[in-house]
Every structure is written in structure tokens, then in C-alpha cells.
Amino acid sequence: MTKAKFITLEGSEGSGKSTQSALIVDYLKSKGQDVIALREPGGVKISEAIRNLLLDVKNDAMGQECETLLYMAARAQVVKEIIAPALQAGKTIVCDRFLDSTFVYQGFGHGLDLKFIQSLGTFVTQGIVPDLTVLFDIEVKEGLSRTNAKKDRIELRPLEYHEKVRQGYLSLAAQNPNRIKLIRVDAPKEEIFKRVKDCIDQVMGL
Ligand code: TMP
């Protein structure tokens, strides 16, 4: 059995993260790995309740400060309840979004101070950093056209916001080439998964 790893998936709207997450989990299970799949915000009861607050279009009065703290609060809870103990117990985790999402959506997207996000992030994650982050990059308009017709509070934001998010991701990837592996979403999901699998095999030593 290989050592437990913490794998996160990132990408702008409609990049196909969730589909790839399911494929990764099936693949790791087929290799005999003890694996837990999570999404952020969410994963546990309290964080799922916070997710509903964050994504509800009725909460259009929510300010950036409240939004940032709620994303962090949801993360603190799922880290405490599941991520930290599971990694300790030798389980591998595949998490759809993590702290990088706050850097790009609230930091690059809204202009919130990145150093502040980093210190709050270290507090809520207990210093846990992913072993591998797969970043799915897709052109903003194409990605948004792949999301549900019923858009959530974040998806409803203007194209310029989503463009800043995408550029934020590209800049994080450039700054963290060892951890963040960039995959262009320019092929059918099976083809994309072959590229994802190479990254997974490498980090898991499979
Ligand atoms: P999802 O639709 O990919 O599950 O993510 C929920 C939305 O929340 C998505 O639009 C990205 C956004 N988000 C942030 O703005 N900041 C964060 O820290 C996280 C985790 C997600």
C-alpha cells in the first residue's frame, strides 16, 4: 500500500472537475487504495449548510468579507472532521476544490489580499497542503456554457470576473509547478482522464 496522499482538483466553472473526480476515485479504488471523495465547500453537514448559504442566489447582499470567511469556515470544519483525521489514518483524499479556490475567486477575483488569505488559510487547514493539485483549464465562455442552466450566485458573475479567476489559476500554477499540474480541457473526458491518471500515478507511486 502506498502512502496516503491529499489530492485536490481545481478549475474554473464547467471545467469537468467533478466528472474527473469520480473517475479518479474509481481508479484508485481499483488499485486497492482506501480513498475518500470530498467537495468544497461541503463534505460534512455543517460545511454543506454553509455551501447552501454561499451559492443561494437570494443571498445577493453577501459582501466579500462574509463570503471569504464562510468559505474558510466551511473548510475549517471539513478539515477538522474528515481531512486531518483521514490523512492521519492513512487514507487518500480526493477533494474537489480547496484553498487555491479562495486564492483565485476571492483573491484574484475580488482583489482580497493574498497574504491575508494565506494566513487565514493556514489556520483553517491546520497547515495541510495538497500533495498534488490537478488544475483543469478551460476557456471561460466555453466553461460557463457547460454549467447548468440554473446558475448559482457565483456562476452568475460577469465574464470579466471569471476571466480573473482563470488568470489567477494560471498564475498559481506558474508559481507552484511541482504541486499544481495544468491540464487543458481540449479533448473528450476519457482522453483528459489519461492525462490525469499520469499525474495520479506519479504522486501515488503506482
Ligand atoms: P463548485 O460548483 O465547483 O462545487 O464550487 C462552488 C462555487 O464556489 C464555485 O463557483 C467556486 C466557488 N468557490 C469560491 O468562490 N471560493 C472557494 O474557496 C471555494 C472552495 C469555492
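As the structure lists them, so they are numbered: ligands from 1, and atoms in each ligand from 1.
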>> Heavy-atom count check: over 12 atoms from other residues, nucleotides or ligands less than 6.0 Å from Gln88 CD?
In response: no
>> Heavy atoms only, cut-off 4.0 Å: how does Leu54 contact ligand 1, side chain, backbone, both, or neither?
In response: neither
>> Using 30° and 60° as the class boundaries, would you call the ring planes of Tyr105 and Tyr169 parallel, tilted or perpendicular?
In response: perpendicular
>> Using a 4.0 Å cut-off to any heavy atom of Ile154, which atoms of ligand 1 qualify?
In response: 10 (O)
> Is it the side chain (CB and beyond), the backbone, both or neither of Arg51 that lies under 4.0 Å from ligand 1, heavy atoms counted?
Replying inline: side chain
>> Could you tell me, atom by atom, which parts of ligand 1 come under 4.0 Å of a heavy atom of Gln106?
In response: 14 (C), 15 (O), 16 (N), 17 (C), 18 (O)
> Counting both backbone and side chain atoms, is some N or O of Tyr71 under 3.5 Å from an N or O of ligand 1?
Replying inline: yes
> Which heavy atom of the protein is the closest neighbour of atom 18 (O) of ligand 1, given with residue, atom name and distance?
Replying inline: Thr102 OG1, 2.6 Å
> Can you tell me which residue and heavy atom of the protein come closest to atom 7 (C) of ligand 1, and the distance to 0.1 Å?
Replying inline: Leu55 CD2, 3.8 Å
> Identify the closest protein heavy atom to atom 1 (P) of ligand 1: which residue and atom is it, and at what distance?
Replying inline: Arg97 NE, 3.6 Å
>> Between Ser101 (side chain only) and Arg97 (backbone N and O only), is there a donor and an acceptor less than 3.5 Å apart?
In response: no
> When clusters are formed by joining ILVMFWY residues with side-chain heavy atoms under 4.5 Å apart, either directly or through shared neighbours, do Ile180 and Ile117 land in the same one?
Replying inline: yes
> So does Lys189 have more than 12 non-hydrogen atoms from other groups sitting under 6.0 Å from NZ?
Replying inline: no
>> Just to be sure I read this right, does ligand 1 sit under 4.0 Å from the backbone of Arg75, its side chain, both, or neither, counting only heavy atoms?
In response: side chain
> Should the proximity of Lys17 to ligand 1, defined as any heavy atom under 4.0 Å, be assigned to the side chain, the backbone, both, or neither?
Replying inline: side chain
> With distance as the sole criterion, is a donor-acceptor pair present between the side chains of Gln106 and Gln64 under 3.5 Å?
Replying inline: no
> With a cut-off of 6.0 Å (strictly less than), are more than 12 heavy atoms of other residues, nucleotides or ligands near CD of Gln202?
Replying inline: no
> Can you tell me if Glu13 has a non-hydrogen atom under 4.0 Å from ligand 1?
Replying inline: yes
> If only atom types and distance count, is the side chain of Lys17 paired as donor or acceptor with the main-chain N or O of Glu13 below 3.5 Å?
Replying inline: no
